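Quick notes on the structure that follows.
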There are 2 protein chains.
Amino acid sequence: MSDYAHEAQGGTFLLPRHPHRTEDCRAISEILQRVGDKWTVLVVGKLGDGPLRFNELRSAVGGISQKMLTTTLRGLERDGFVTRTVFPTIPPRVDYELTDLGYELLVPVGALGDWARKNTERVKAARARFDGLHA
Amino acid sequence: MSDYAHEAQGGTFLLPRHPHRTEDCRAISEILQRVGDKWTVLVVGKLGDGPLRFNELRSAVGGISQKMLTTTLRGLERDGFVTRTVFPTIPPRVDYELTDLGYELLVPVGALGDWARKNTERVKAARARFDGLHA
DNA sequence: CGGGATCCTACGGGATACTG
DNA sequence: CAGTATCCCGTAGGATCCCG
């Protein structure tokens with residue numbers, strides 16, 4: 001089972017021959033929903049620059065409520081993307097840090113981010129055109 | 001501004017030096033939320049094998065309500081990922097097909113999918129461990 | 001400082017019925 | 001066949017108050 005070429009404006013792409021089996025698409029969909037919520041990539045991105053404490057992370061991300069930061073971090077910890085280290089001092093100190101798995105996740109997510117940066121204008125143009133037609 | 005290496009289990013990764021500026025992370029977050037809903041990648045994936053009619057797509061995806069298929073397709077059309085072609089026959093016939101932009105989107109999304117397939121076990125293990133500890 | 005507990009609202013998304 | 005219109009529910013996510 002080899003690949004086949006697909007021609008498009010940006011160049012030629014190699015697409016797997018039976019690329020879109022439902023199970024695979026489901027797996028993709030799941031991970032995308034996992035990282036597709038409002039805050040996950042922001043948090044992971046900030047932690048990609050090094051470990052941070054709770055409120056450091058909060059102000060670094062900006063605009064996130066403390067409830068959602070907690071929820072997001074718990075989810076990331078549960079899935080093994082982030083470690084949580086508690087220092088039993090007064091006042092307490094809690095550090096969050098990416099695991100290896102977390103750093104590795106940054107790679108494909110970054111690739112999608114590159115694509116996003118390169119193509120936002122095309123999307124915005126398409127959107128403006130569509131909205132103009134269906135005004 | 002060069003890159004720096006990050007060592008992890010799977011190998012060594014190159015991360016950009018100032019990779020996680022808030023604006024960039026926002027852009028990434030937006031595209032991820034765009035494709036991170038329940039059905040978008042399933043629909044785009046199926047259309048990646050070629051154009052399909054509405055109900056062909058519906059049964060190909062499987063489990064999607066007609067309301068959500070319509071909503072999903074309208075969104076994809078609006079953003080320029082999909083074209084909608086109406087044949088004014090009786091009964092009507094409507095074809096949906098990926099644009100070049102849609103095909104190009106498949107590339108980074110597929111990369112994330114590959115990552116997902118390779119790492120689901122690690123995530124599941126981490127999750128089981130976390131749930132065991134916090135039982 | 002780093003949360004937990006609660007309340008509230010908006011919206012994603014399913015089920016069903018109707019239409020050109 | 002390919003939708004539109006309506007109703008309904010669950011959950012994401014914000015605001016607020018409280019605690020060790």
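Naming: A, B, ... by sequence-line order, numbering from 1 per chain. The model shown is predicted, which means the values in this text are computed figures rather than measured ones.
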Residue pair A/Leu47 / A/Tyr96, side-chain heavy-atom distance below 4.5 Å: yes

Along DNA chain D, first and last positions that approach a heavy atom of chain A under 4.0 Å: D/dG13 to D/dG20

Span of DNA chain C in contact with chain B (heavy atoms, under 4.0 Å): C/dG13 to C/dG20

By side chain to side chain contact (heavy atoms under 4.5 Å, CB included) - contacts of B/Lys46 (at least two apart): A/Thr22, B/Leu52, B/Leu57, B/Ala60, B/Val61

Residues, nucleotides or ligands: over 12 heavy atoms within 6.0 Å of A/Ile90 CD1: no

Of A/Pro92 and A/Lys38, the one whose closest DNA chain D nucleotide lies more 5': A/Lys38

Side chain to side chain contact (heavy atoms under 4.5 Å, CB included) against A/Lys124, all qualifying residues, sequence neighbours excluded: A/Glu121

Strand-adjacent residues in residues 61-87 of chain A, judged by heavy atoms under 4.0 Å from DNA chain D: A/Ser65, A/Gln66, A/Lys67, A/Met68

Least distance between heavy atoms, A/Asp37 atom then B/Ser29 atom: O-OG, 4.1 Å

Set of side chain to side chain donor-acceptor pair (under 3.5 Å) partners for B/Arg117, sequence neighbours left out: B/Asp114

Pairing residues for A/Ser65 by the side chain to side chain contact (heavy atoms under 4.5 Å, CB included) criterion, not counting sequence neighbours: A/Lys67, A/Met68

Reported CZ-to-CG distance for the pair B/Phe81 and B/Leu106, which is rounded to 0.5 angstrom: 11.0 Å

Residue pair A/Leu76 / A/Leu98, side-chain heavy-atom distance below 4.5 Å: no

Residue pairs passing the side chain to side chain donor-acceptor pair (under 3.5 Å) test where at least one lies in residues 51-61 of chain B, sequence neighbours excluded: none

Contact nearer the 5' end of DNA chain C, comparing A/Asn55 with A/Gln33: A/Asn55

Pairs where residues 68-92 of chain A contributes a residue and the test salt bridge (charged side-chain N to carboxylate O under 4.0 Å, His left out) is met, not counting sequence neighbours: A/Arg34-A/Asp79, A/Arg78-B/Asp131, A/Asp79-B/Arg127

Inter-end axis angle, the helix from C/dC1-D/dG20 to C/dG20-D/dC1, with every axis fitted to five base pairs (rounded, 10 degrees): 40°

Residues forming a side chain to side chain donor-acceptor pair (under 3.5 Å) with B/Trp115, sequence neighbours excluded: B/Asn119

Residues which pass salt bridge (Lys or Arg N to Asp or Glu O under 4.0 Å) with B/Arg129, listed by chain and number, not counting sequence neighbours: none

